[in-house]
Amino acid sequence: MNIKFRLILMNFMQFFIWGAWLLTIGAYWFQNKHWSGAQFGVIFSTMGISAIFMPALTGIISDRFVNAEKLYGIMHIMGSLVLFSLPLVTNPSTFFWVILLNMVFYMPTLSLSITVAYTALKNKNMDVVKDYPPIRIWGTIGFIAALWTVSLTHNETSANQFYIASAVSMALGIYSFTLPKCPPLLSKTSGKSLTDNLGLNAFALFKTPKFAIFFAFSMLLGAALQLTNAYGDTFLHDFNNVAAYKDTVAVKYPAIIMSISQISETLFILAIPFFLRKFGIKYVMLFSMLAWVLRFGLFAFGDPADGLWMIILSCIVYGMAFDFFNISGSLFVETQTTPEIRGSAQGLFMMMVNGFGALFGSFASGVIIDEFFTLADKSKNWHGIWLTFAAYALIIAVVFPFVFRYKHNKALEDAIQHA
């Protein structure tokens with residue numbers, strides 16, 4: 001089988017697993033189980049908790065002891081078993097621990113899949129920069145396909161979404177053992193210290209003002225990402241309780257509507273080189289923050305009938321909100337750090353976004369929604385929720401250009417010209 005096709009299949013299943021439940025778990029939590037918002041916020045913190053330590057730990061294991069493709073397969077098989085058991089949980093406290101265990105197995109597969117793909121392409125003397133992006137985009141397509149599968153089969157509030165994810169995770173786990181070999185490259189007696197292997201030396205970047213500010217904003221925008229992941233689908237589901245909207249397409253198939261966000265993501269990736277060359281990296285980051293304001297603001301005033309255009313436009317804007325900071329941010333890290341710590345610095349960037357940012361967004365949003373926007377009948381004031389999130393993003397966007405004082409240098413200019 002062609003190596004590109006094999007890696008495409010790997011990426012497709014990798015993100016299909018996540019897409020099968022990530023955006024619809026809120027509907028399962030609120031519509032099926034009727035558990036509280038504060039407790040749900042804690043559920044989304046599991047991604048942040050696991051992202052803080054698991055990728056680094058599995059990176060050390062794959063570097064020194066176990067083939068990356070085998071470790072990748074083991075993680076998915078274990079994750080499959082956990083997902084299969086999730087519908088058996090009958091209380092929110094146990095649900096938290098089970099979903100945390102699932103994320104402990106899943107989060108490191110995001111970086112392991114990149115390691116496997118890069119190794120396979122390099123062993124075939126292929127250009128990673130040129131050949132990997134068209135492969136990776138199939139991960140986003142897999143995420144979209146999962147959303148459509150769950151939505152069209154009317155499983156958005158059903159436990160079946162976890163069974164679907166479990167089946168694909170088991171299939172990918174088994175398939176992983178057929179992927180090209182990716183053996184450990186560091187000997188057990190390597191001179192590198194444990195501190196080096198864990199990437200802890202990258203924390204010295206916090207001593208530099210521009211990096212300290214950049215990582216702080218990375219965390220704040222990571223929180224915004226968790227807000228849209230956690231509450232977007234259940235927001236549309238709640239319109240089912242309003243007679244005027246009950247039979248609209250957006251209420252019947254909310255996951256399909258939300259999948260427009262991922263479709264937009266694939267398109268804005270292609271636009272990034274133009275925006276970087278035209279406006280520079282600082283303003284591309286600022287555009288991302290303003291896009292988050294629009295994302296939440298349009299949700300606040302949208303509805304599934306006459307206001308459907310606002311919801312759809314919000315989903316389109318998501319592509320800019322997500323891609324422009326994540327990709328331009330990784331480019332900033334790549335060009336502003338020394339070669340010796342670029343890998344660990346990228347890990348630190350991901351830790352701030354998907355680790356601490358996810359934790360902050362999950363805990364804070366759950367408490368705020370329960371305290372200020374949950375009505376006596378347990379329904380939610382979504383207009384107020386989204387306006388609050390929009391105000392949060394607007395404050396970030398207003399402050400950012402004044403505190404992030406940064407001028408281009410040659411390395412970054414060259415990278416932008418070749419982006």
Quick one: sort the [X] and [Y] rings into parallel, tilted or perpendicular, breaks at 30° and 60°.
| X | Y | value |
| --- | --- | --- |
| Trp386 | Phe235 | perpendicular |
| Phe404 | Phe400 | parallel |
| Tyr283 | Phe287 | tilted |
| Phe206 | Phe215 | tilted |
| His76 | Tyr72 | perpendicular |
| Phe279 | Phe274 | perpendicular |

Is the closest side-chain heavy-atom distance between [X] and [Y] below 4.5 Å?
| X | Y | value |
| --- | --- | --- |
| Leu152 | Ile256 | yes |
| Leu375 | Lys380 | no |
| Gln14 | Tyr106 | yes |
| Asn102 | Ile99 | yes |
| Ile369 | Tyr231 | yes |
| Tyr28 | Thr157 | no |
| Met107 | Leu110 | yes |
| Val353 | Met219 | no |

If you count heavy atoms of other groups shown closer than 6.0 angstrom to [atom1] of [X], is the number above 12?
| X | atom1 | answer |
| --- | --- | --- |
| Phe84 | CZ | no |
| Lys252 | NZ | no |
| Asp306 | CG | no |

Reported [atom1]-to-[atom2] distance for the pair [X] and [Y], which is rounded to 0.5 angstrom:
| X | Y | atom1 | atom2 | answer |
| --- | --- | --- | --- | --- |
| Thr109 | Met103 | OG1 | CE | 8.0 Å |
| Trp97 | Asn91 | CH2 | CG | 12.5 Å |
| Leu9 | Leu179 | CG | CG | 8.5 Å |
| Met289 | Leu286 | CE | CG | 6.5 Å |
| Lys70 | Ser176 | NZ | OG | 12.5 Å |
| Ser113 | Asn11 | OG | CG | 5.5 Å |

Give a yes or no answer on whether the side chain of [X] reaches the backbone of [Y] with a donor-acceptor pair at less than 3.5 Å.
| X | Y | answer |
| --- | --- | --- |
| Ser264 | Ile260 | no |
| Asn155 | Ser158 | no |
| Asn2 | Phe5 | yes |
| Ser218 | Met352 | no |
| Ser314 | Leu298 | no |
| Lys282 | Pro401 | yes |
| Thr46 | Leu100 | no |

Centre-to-centre under 6.0 Å for [X] and [Y], is that the case here?
| X | Y | answer |
| --- | --- | --- |
| Phe30 | Trp35 | no |
| Phe16 | Phe143 | no |
| Phe268 | Tyr318 | no |
| Trp29 | Phe95 | yes |
| Tyr245 | Phe239 | yes |

Derivation of the side chain to side chain contact (heavy atoms under 4.5 Å, CB included) call for Glu156 and His237: CA-CA 9 Å; Glu156 293 183 35; His237 267 287; 2.9 Å; yes
List the atom pairs, donor and acceptor, that lie under 3.5 Å between side-chain atoms in residues 387-398 and the rest of the protein, sequence neighbours left out.
{"unit_1": "Thr388", "atom_1": "OG1", "unit_2": "Gly384", "atom_2": "O", "d": "2.8"}
{"unit_1": "Tyr392", "atom_1": "OH", "unit_2": "Leu220", "atom_2": "O", "d": "2.7"}

Testing the basics here: between [X] and [Y], what is the closest heavy-atom pair and its distance to 0.1 Å?
| X | Y | value |
| --- | --- | --- |
| Ile144 | Gln262 | CG1-CB, 3.4 Å |
| Pro108 | Met75 | CG-SD, 4.2 Å |
| Leu86 | Val98 | CD1-CG1, 3.3 Å |
| Ala146 | Gly19 | CB-C, 3.5 Å |

Of Leu112, Ile74, Val116, the residue whose pairing with Glu69 passes side-chain contact (heavy atoms from CB on, under 4.5 Å):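 So, applying the side-chain contact (heavy atoms from CB on, under 4.5 Å) to Glu69 and each of Leu112, Ile74, Val116, only Val116 qualifies.
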Sole candidate of Ile311, Leu236, Leu294, Ile385 that passes side-chain contact (heavy atoms from CB on, under 4.5 Å) when paired with Phe299: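 Filter result, single survivor: Ile311.
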Verdict with reasoning, Leu7 to Leu121, per side chain to side chain contact (heavy atoms under 4.5 Å, CB included): CA-CA 9 Å; Leu7 296 177; Leu121 291 173; 3.9 Å; yes
Steps toward side chain to side chain contact (heavy atoms under 4.5 Å, CB included) verdict (Asp303, Leu308): CA-CA 5 Å; Asp303 63 62; Leu308 180 60; 5.8 Å; no
Pairs involving residues 288-298, ordered by first then second residue, that meet side chain to side chain donor-acceptor pair (under 3.5 Å) (sequence neighbours left out): Thr228-Arg295, Ser261-Arg295
Partners meeting side-chain contact (heavy atoms from CB on, under 4.5 Å) with Ala165 (sequence neighbours left out):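 Ala165 satisfies side-chain contact (heavy atoms from CB on, under 4.5 Å) with Ile17, Ala20, Trp21, Leu83 once adjacent residues are dropped.
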Side-chain donor-acceptor pair under 3.5 Å between [X] and [Y], yes or no?
| X | Y | value |
| --- | --- | --- |
| Gln31 | Asp238 | yes |
| Thr24 | Gln161 | yes |
| Thr140 | Thr266 | no |

Val82/Met78 under side chain to side chain contact (heavy atoms under 4.5 Å, CB included): CA gap, chis, key distance, verdict: CA-CA 6 Å; Val82 177; Met78 297 302 293; 5.7 Å; no
